[in-house]
Amino acid sequence: MENTLDREKLLDRLLEGYQAYFDIERYDKHREDGIPLRAHCRFYVHSVKYVLVKTAKLWDADSNEYVYVFSVPELTREIFEKCRDYAYEEGMKLIEPKPGHMYSYITAVFLCDTCTKEAEKALRRCRIYKSFHFSWYGWMDFHTAAVVLKESRVFTNRSGRANTKFMKNILVLH
């Protein structure tokens with residue numbers, strides 16, 4: 001029971017770190033679909049470059065990130081794959097590939113007490129990338145990260161390496 005409280009505290013710290021930039025939606029522990037989703041965070045940026053006046057626009061770009069936070073006592077390969085597929089499908093529904101869309105990141109974060117070797121291997125090897133109209137309408141990259149409490153360890157896939165420092169800081173502050 002103590003580890004559940006630890007994951008709850010870690011979830012609170014994680015969302016506290018995201019709240020400055022992200023719109024956050026928290027979920028109850030008991031979802032009908034059985035997905036251990038605890039929070040969904042959304043980040044939107046629209047950048048524009050003008051010349052002298054706003055009517056003379058050089059370019060504009062949209063950048064988005066969608067973070068799905070899952071919390072489980074033990075991360076197994078089956079749970080990872082189920083949650084990865086859920087995050088990918090829901091994230092792709094939010095992406096609007098159009099002129100001006102630069103990139104969107106979909107990030108699946110797992111908070112767990114323990115992790116099986118198969119799950120860690122699957123998470124580290126997860127590589128999902130999609131370009132829209134030969135990258136003219138931007139691209140999507142899928143990031144993964146796991147925080148294992150019992151081992152005080154953080155690991156990610158190659159695309160998610162930028163999240164490692166942030167996750168380690170959350171774990172240290174925990």
Side-chain angles (χ1 to χ4, degrees), residues 3-47 61-73 75 79-98 100-113 115 119-120 122-124 126-130 132 138-149 152-174:
N3 289 331
T4 304
L5 294 173
D6 288 344
R7 277 188 284 123
E8 285 299 312
K9 289 177 186 174
L10 188 62
L11 175 65
D12 292 339
R13 297 287 306 185
L14 181 70
L15 296 180
E16 189 178 301
Y18 277 132
Q19 79 181 14
Y21 301 102
F22 287 75
D23 298 327
I24 298 173
E25 186 175 346
R26 289 185 80 138
Y27 298 101
D28 188 24
K29 292 181 186 179
H30 307 289
R31 290 174 47 101
E32 293 177 14
D33 57 5
I35 302 287
L37 181 66
R38 296 306 315 278
H40 178 211
C41 309
R42 298 171 191 90
F43 175 73
Y44 304 99
V45 173
H46 180 74
S47 304
D62 293 320
S63 305
N64 310 306
E65 185 168 358
Y66 307 105
V67 179
Y68 295 86
V69 182
F70 303 96
S71 179
V72 292
L75 182 61
I79 293 172
F80 167 73
E81 289 173 351
K82 183 178 178 181
C83 294
R84 176 201 62 202
D85 295 344
Y86 175 84
Y88 176 75
E89 290 168 13
E90 292 301 311
M92 287 301 288
K93 289 178 188 175
L94 298 172
I95 297 173
E96 296 178 34
K98 60 183 183 196
H101 173 258
M102 189 162 76
Y103 66 84
S104 291
Y105 295 143
I106 300 172
T107 305
V109 177
F110 297 89
L111 306 177
C112 56
D113 296 326
C115 178
E120 181 177 349
L123 188 142
R124 287 182 184 272
C126 181
R127 287 183 179 87
I128 303 172
Y129 176 86
K130 181 168 180 58
F132 304 106
W139 69 89
M140 180 282 305
D141 198 11
F142 193 85
H143 299 181
T144 59
V147 179
V148 183
L149 287 171
S152 295
R153 197 164 64 100
V154 174
F155 55 90
T156 66
N157 66 347
R158 178 170 275 191
S159 298
R161 271 192 257 162
N163 296 322
T164 305
K165 185 176 179 182
F166 172 67
M167 297 292 168
K168 283 183 179 178
N169 285 341
I170 295 297
L171 189 60
V172 168
L173 294 173
H174 171 71

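- Between Ser104 and Trp139 there is no side-chain heavy-atom pair separated by less than 4.5 Å.
- When the shell of 6.0 Å around CZ of Arg127 is examined, it contains more than 12 heavy atoms from other residues, nucleotides or ligands.
- There is a side-chain donor-acceptor pair under 3.5 Å between Ser71 and Arg7.
- Put simply, the side chain of Asp23 does not reach to within 4.5 Å of the side chain of Cys41, judged on heavy atoms.
- For Arg153 and Glu120, the salt-bridge test passes: some basic side-chain N is under 4.0 Å from an acidic carboxylate O.
- Two residues are said to be in side-chain contact when any heavy atoms from C-beta on lie closer than 4.5 Å; Phe22 and Tyr66 fail this criterion.
- Asn169 contributes atom CG, which lies 10.0 Å from atom CZ of Arg13 (distance to the nearest 0.5 angstrom).
- Counting only heavy atoms from C-beta outward, the side chains of Ile35 and Tyr27 never approach each other to under 4.5 Å.
- The nearest pair of heavy atoms linking Ala108 to Phe70 is CB-CE1, 4.1 Å.
- Side chain to side chain, Thr156 and Asn163 fail the donor-acceptor criterion of an N or O pair below 3.5 Å.
- Checked by atom type and distance alone, the side chain of Asn157 pairs as donor or acceptor with a backbone atom of Thr144 at under 3.5 Å.
- Arg42 and Glu65 are not joined by a salt bridge, as no carboxylate oxygen comes within less than 4.0 angstrom of a charged side-chain nitrogen.
- Looking at Asp12 and Arg38, no side-chain N of the basic residue comes within less than 4.0 Å of a carboxylate O on the acidic one, giving no salt bridge.
- Judged purely by atom type and a 3.5 angstrom limit, Asp113 has no side-chain atom pairing as donor or acceptor with the backbone of Leu149.
- Using a 4.5 Å cut-off on side-chain heavy atoms (C-beta onward), Leu37 and Tyr68 make contact.
- Summarising the geometry, atom CE belonging to Met92 is positioned 10.0 Å from atom CD1 belonging to Ile128; distances are rounded to the nearest 0.5 Å.
- Rounded to the nearest 0.5 Å, atoms OG (Ser159) and OH (Tyr105) are 8.5 Å apart.
- Inter-residue side-chain proximity for Ile95 and Asn64 is flagged as unmet; no heavy-atom pair is nearer than 4.5 Å.
- Note that CG of Leu11 is 6.0 Å distant from CG of Leu111, once rounded to the nearest 0.5 Å.
- The closest side-chain heavy-atom distance from Phe110 to Val147 is not below 4.5 Å.
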Without placing hydrogens or testing angles, list every side-chain donor-acceptor pair under 3.5 Å for residues 82-90, not counting sequence neighbours.
from	atom 1	to	atom 2	distance (Å)
Tyr86	OH	Arg31	NH2	3.2
Glu90	OE2	Lys93	NZ	3.1

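- To the nearest 0.5 angstrom, Leu15 atom CG is 12.0 Å from His40 atom NE2.
- Between Cys112 and Leu75, the closest heavy-atom pair is SG-CB, 4.0 Å.
- Residue-environment remark: CD (Glu81) exceeds the threshold of 12 foreign heavy atoms within 6.0 Å.
- Met140 is not listed as a side-chain neighbour of Tyr129, based on a closest heavy-atom distance of 4.5 Å or more.
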Check against side-chain contact (heavy atoms from CB on, under 4.5 Å), Leu14 and Met167: CA-CA 8 Å; Leu14 181 70; Met167 297 292 168; 3.7 Å; yes

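- At a cut-off of 3.5 Å, with distance as the only test, no side-chain donor of Asp62 or His101 sits close to an acceptor on the other residue.
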Pair Phe155-Leu123, side-chain contact (heavy atoms from CB on, under 4.5 Å): steps then yes or no: CA-CA 8 Å; Phe155 55 90; Leu123 188 142; 3.7 Å; yes

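- Checked against the 6.0 Å centroid threshold, Tyr18 and Phe166 count as a close aromatic pair.
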